[in-house]
Engineer: 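Let me begin by handing over the structure; questions about it come next.
Remember, it's 1-based here, ligands and their atoms both numbered in the order they're listed.
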Amino acid sequence: MNITNIAVLVSGRGSNLQSIIDNIENGTIPHASVKVVISDVDGTYALERAKQHGIEAVFVDPGTFDNKEGFENAILLILAAHDIELVLLAGYMRVVGPTLLTPYKGRMINIHPALLPSFPGLHGQQQAYDHGVKVSGCTVHFVEEGVDTGPIIIQHCVLVLENDTVDMLADRILEQEHRIFPEAVRLFVQGKLSIEGRKVRITD
Ligand code: GRF
């Protein structure tokens, strides 16, 4: 079986990146390899994690481009150089534009810390907590135009407990993110996902 070459786009600490790397290294995600980690923020811990695992780590400085198209074209060149088939957004804090999305439509996956379609955008955990929901969770979905709108692959519920702070809730959600993101990647790599309109069919 062919190896699926993966790129991970990040902006921060990279705990979800770590969960993907670990699940590839321990064989839970077979026939896959993270070839490159790209950050739009310099000096992120996510880049450090990549280096620790011998993975190429690249900072692409958005400030050096005239517009988003130029920035995304620079990322595309890196993806092409590594023969990337699957792009993961793991705490990547930018909205992906058409330049980057079009060639990777159906091959770009994001993790979001709330039960979509509720609470898209920034700080999903905080939004849910402030709204007073009793159940929140996390969502892995294909990326589309629009913020956190694409077809949903896996969701997991997390109860909001009576004495939770938002940080306590976010920690429990993060634990589940580290389970469902690698699981979605495994399903993709094994060819078990198909998109039919808004629905993702899983044949596992
Ligand atoms: C996660 O909560 C993820 O759902 C959101 O950004 C956060 C990234 O955390 N998109 P990390 O960098 O993976 O630790």
Side-chain angles (χ1 to χ4, degrees), residues 6-25 28-29 32 34 36-53 55 57-60 62 75 86-97 100-101 104 108-131 133 135-160 164-186 188 200:
I6 298 174
V8 185
L9 271 53
V10 295
S11 302
R13 66 191 163 180
S15 71
N16 278 286
L17 163 69
Q18 189 70 55
S19 76
I20 300 297
I21 293 172
D22 291 346
N23 278 275
I24 289 175
E25 286 186 354
T28 307
I29 305 173
V34 177
V36 63
V37 173
I38 301 171
S39 175
D40 64 333
V41 178
D42 199 9
T44 54
Y45 190 52
L47 289 175
E48 197 47 48
R49 291 182 198 264
K51 287 181 205 154
Q52 284 168 6
H53 289 264
I55 298 167
V58 187
F59 163 52
V60 181
I75 293 179
L86 173 64
V87 176
L88 304 179
L89 308 184
Y92 179 66
M93 302 307 276
R94 284 170 193 271
V95 177
V96 175
L100 183 53
L101 178 57
Y104 280 97
M108 185 180 284
I109 295 177
N110 182 46
I111 176 84
H112 182 75
L115 292 177
L116 294 171
S118 293
F119 313 119
L122 292 178
H123 311 304
Q125 312 96 323
Q126 182 84 52
Q127 290 184 56
Y129 183 82
D130 291 345
H131 194 86
V133 297
V135 179
S136 192
C138 43
T139 304
V140 187
H141 65 95
F142 283 107
V143 178
E144 264 187 355
E145 303 82 7
V147 177
D148 301 322
T149 56
I152 290 169
I153 304 169
I154 305 178
Q155 295 187 295
H156 194 92
C157 297
V158 174
L159 294 181
V160 182
D164 264 351
T165 62
V166 67
D167 288 342
M168 289 158 70
L169 175 63
D171 283 350
R172 292 205 308 286
I173 292 173
L174 192 63
E175 264 176 48
Q176 299 308 320
E177 292 181 40
H178 295 162
R179 285 188 41 252
I180 68 171
F181 202 13
E183 174 64 0
V185 172
R186 177 185 73 78
F188 180 94
V200 176

Engineer: Hey, which atoms in ligand 1 end up nearer than 4.0 Å to a heavy atom of P113?
Structural biologist: 2 (O), 4 (O), 5 (C)
Engineer: Which of the numbered atoms in ligand 1 are below 4.0 angstrom from a heavy atom of Q125?
Structural biologist: 2 (O)
Engineer: With a 3.5 Å distance limit and no angle check, can you tell me whether H112 reaches the backbone of F119 through a side-chain donor-acceptor pair?
Structural biologist: yes
Engineer: Are any of the N/O atoms in R13 less than 3.5 Å from those in ligand 1?
Structural biologist: yes
Engineer: Show me which atoms of ligand 1 lie under 4.0 Å from any heavy atom of G14.
Structural biologist: 11 (P), 12 (O), 13 (O), 14 (O)
Engineer: Does Q176 reach the main-chain N or O of C157 with its side chain, forming a donor-acceptor pair under 3.5 Å?
Structural biologist: no
Engineer: Is a donor from one side chain sitting under 3.5 angstrom from an acceptor on the other, for Q155 and H141?
Structural biologist: no
Engineer: Report yes or no: does R172 contribute a side-chain atom to a donor-acceptor pair with the main-chain N or O of L159 at less than 3.5 Å?
Structural biologist: yes
Engineer: Nearest protein heavy-atom contact for atom 1 (C) of ligand 1: which residue, which atom, what distance?
Structural biologist: E177 OE1, 3.1 Å
Engineer: Please list, in number order, the atoms of ligand 1 under 4.0 Å from a heavy atom of G91.
Structural biologist: 6 (O), 8 (C), 10 (N)
Engineer: Does any N or O in the side chain of S11 come within less than 3.5 Å of the main-chain N or O of M93, such that one atom is a donor and the other an acceptor?
Structural biologist: yes
Engineer: Between ligand 1 and I111, is the shortest N or O to N or O distance under 3.5 Å?
Structural biologist: yes
Engineer: Does the pair R186/E183 count as a salt bridge with the N-to-O cut at 4.0 Å?
Structural biologist: yes
